[in-house]
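Before any comments, here is the structure.
A, B, ... follow the sequence lines: proteins, then strands. Residue 1 opens every chain.
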Amino acid sequence: MSQVRVRFAPSPTGFFHIGSARTALFNWLYARHCNGTFVLRIEDTDHERNTPEALRVLLEGMRWLGLDWDEGPEIGGPKGPYFQSERSEIYRAAVEKLLANGRAYEKDGAVFFRIEGERYREYDEYLKAEVEKVRAEPMVFEDAIRGRIERVVDRDFPIVRANGEPVFHLVNVVDDIEMEISHVIRGEDHLANTARHLELFHALGATPPIFAHLPLILKDPAVGKGKMSKRDQGALIEEYQTRHFLAESVRNFLCLLGWNPKDDREVMPIGEIIESFDFPGIQKGAARFDEAKMRFMNGHYLRELPVETYAWFARPILTEAGVIEEDADEDYLQKVLLLCRPKLDLLENLADYSRFFFTRDYPLDEKARAKVGKKADPSELAGELAAAIDAETEAGVAGFEAALEKAANEHGRKAGAYRPLTRFAVTGGLSGPDMGEIIELLGLEEISLRLKKLASAPVEESK
RNA sequence: GUCCCGUUCGUCUAGCCAGGCCUAGGACACUGGGUUUUCAUCCCAGCAACAGGGGUUCGAAUCCCCUACGGGACGCCA
């Protein structure tokens, strides 16, 4: 059996689009599944938008997602160079060959590929001009995902521009031949191009690879129509990097966007995905990106992280948000993180969720204050409870419960009246980590202090 | 305009190729309940789909045809 060689051939634009990432991912998965080779080839023939920064974004995104390539930039390989900008000689040779065997001709300084068949002229509604067309034999191929596809190429097309630069169709096919690519896995937007590519493969005397066209990722209908483009909210991998999504969850989610293992597994380790991944599991219809599900997965992976790793991710986030200092105590940090984790799905929310553990200067949610103040004056309640706590000798939750009981009896209230209030005083809101654990970690003294602070604060009328 | 591809719950999808096991399964979201002082975790329950029409067949989500809708391509962009 011949070696499986697949490639991801992006054009560095300065963005790493979610659709490109998914294409890269599926190529990578297939290569790993088949024990094949994953080639990264940079289609940088468009010199204007091609900058080192654009390449960096791309490679960084690939690495972040864990998509390691076997041949390509920075590591080289036997079929290099892997930048199209460095392969001009190879393209020139291919053009010479086509020119020599009569499948190409020069016109207006450019080189055109000749489609064989009877020629006629026709007004083209789309091009708004009369053009020369060809009655050609249809190109037929078996798409690994969609089955039999048939399409005619009815017009000659340029393969070298008047400025001497080779055109995408040409370089793409030449490189796939030279790099001995066995399977071309790419987006459905290339489906219509495939007939042209097939013409080129044949004219160059090469056996075409197997094609597999992936369904497109569509934008949220609320945003607009059509395939997701780089301008759409949530369309770039960088966005999820900056929002501190775990790469694992983004990758897992992307795997499921257009592929599934045919059983009920969804959150699954990458090794299992690699093992199960194959063309029959790939969807034909386009999919819509659903951030809610990715968030859910992120929460799942977050909860599975070893606490040291979790802290390693969290520390810079909290430092940047001004919640902790660079030298914050690791032990205390880990305790806080563990307390926050059960209900946290996104690291980007961690700062607001945990601020009160590190400072007394946390915002008080006015809605929460209004809610707490519905039955009784918060300041009054806080004062009563603080006094009871100060009189208490036992520490921790036990002491808190005793104080609660005492305050309730003394002032003729239900113990429950103090509970939401305590959370509000201690955290600034009405939701968050388990209150008992907060009390244990912060200590009764601190709880009392925060209650007193609330008791002495001026009461604001809620609007 | 021409050509190509697609269409199962709001979303991602299983089932379709090898028609009966489908009163269509799972997951996210949503709703309700439980746990909880609170809560974004956890547990339970619920909601909700075969685009429409015609055929073939004893029987169709599954096969065939048409229509509608969605998407893509048609560039000296990639």
- Please confirm whether A:F253 and A:F296 have ring centers closer than 6.0 angstrom. no
- Task: May I ask which nucleotide in the shown strands pairs with B:U62, Watson-Crick or G-U wobble, both distances under 3.5 Å?
- Result: none
- Under a 4.0 Å heavy-atom cut-off, which of residues 435-443 of chain A touch RNA chain B? A:M435, A:G436
- Contact state string [nucleotides 5-18 of chain B, B base, S sugar-phosphate only, - no protein heavy atom under 4.0 Å]: BS----SBSSS---
- Message: I'd like to check the salt bridge (Lys or Arg N to Asp or Glu O under 4.0 Å) partners of A:R196; sequence neighbours left out, ordered by chain and number.
- Response: none
- Between B:C16 and B:C77 - C1' atom distance, rounded Å: 39 Å
- Message: List the residues meeting ring-ring contact (aromatic ring centres under 6.0 Å, His included) with A:F8, not counting sequence neighbours, and say none if there are none.
- Response: none
- OP1, OP2 of B:C77 versus side-chain N and O of A:R161: anything below 4.0 Å? yes
- By salt bridge (Lys or Arg N to Asp or Glu O under 4.0 Å), A:D263 pairs with (sequence neighbours left out) A:R265
- Mind checking salt bridge (Lys or Arg N to Asp or Glu O under 4.0 Å) for A:R450 and listing every partner two or more places apart, or none if nothing turns up? A:E446
- Item | Between B:G70 (C1') and A:M228 (CE): distance, integer Å | 17 Å
- Item | Main-chain N/O of A:V267 paired with A:N252 side-chain donor or acceptor, under 3.5 Å | no
- A:F112 CZ - B:G75 P separation (whole Å): 11 Å
- Message: Between B:G6 and B:A45, how many Å separate the two C1' atoms, rounded to a whole number?
- Response: 36 Å
- Task: List in chain and number order the residues that pass salt bridge (Lys or Arg N to Asp or Glu O under 4.0 Å) with A:R87, two or more places apart in sequence or in another chain; answer none if no residue qualifies.
- Result: A:D175
- Residue list, ring-ring contact (aromatic ring centres under 6.0 Å, His included) with A:H17, at least two apart or on another chain: none
Table please: side-chain donor-acceptor pairs of residues 133-145 of chain A below 3.5 Å, with sequence neighbours left out.
residue : atom : partner : partner atom : Å
A:K133  : NZ   : A:E122  : OE1          : 3.2
A:K133  : NZ   : A:D124  : OD2          : 2.9
A:D143  : OD1  : A:I145  : N            : 2.8
A:D143  : OD1  : A:R146  : N            : 3.0
A:D143  : OD1  : A:H213  : N            : 3.3
A:D143  : OD2  : A:H213  : N            : 3.2
A:D143  : OD2  : A:H213  : ND1          : 2.7

- Item | Where protein sits on nucleotides 40-45 of chain B, one letter per nucleotide: B base, S sugar-phosphate only, - none, heavy atoms under 4.0 Å | BS----
- Note on the structure: Those residues at least two apart in sequence (or on a different chain) that pass side-chain contact (heavy atoms from CB on, under 4.5 Å) with A:L302 are A:L246, A:L305, A:Y310, A:L344, A:L347
- Watson-Crick or G-U wobble partner for B:G75, using a 3.5 Å limit on both distances? none
- Across all strands, who's sitting opposite B:C9 as a Watson-Crick or G-U wobble pair, both distances under 3.5 Å? none
- Task: State which residues pass ring-ring contact (aromatic ring centres under 6.0 Å, His included) with A:F15; sequence neighbours excluded, sorted by chain then number.
- Result: none
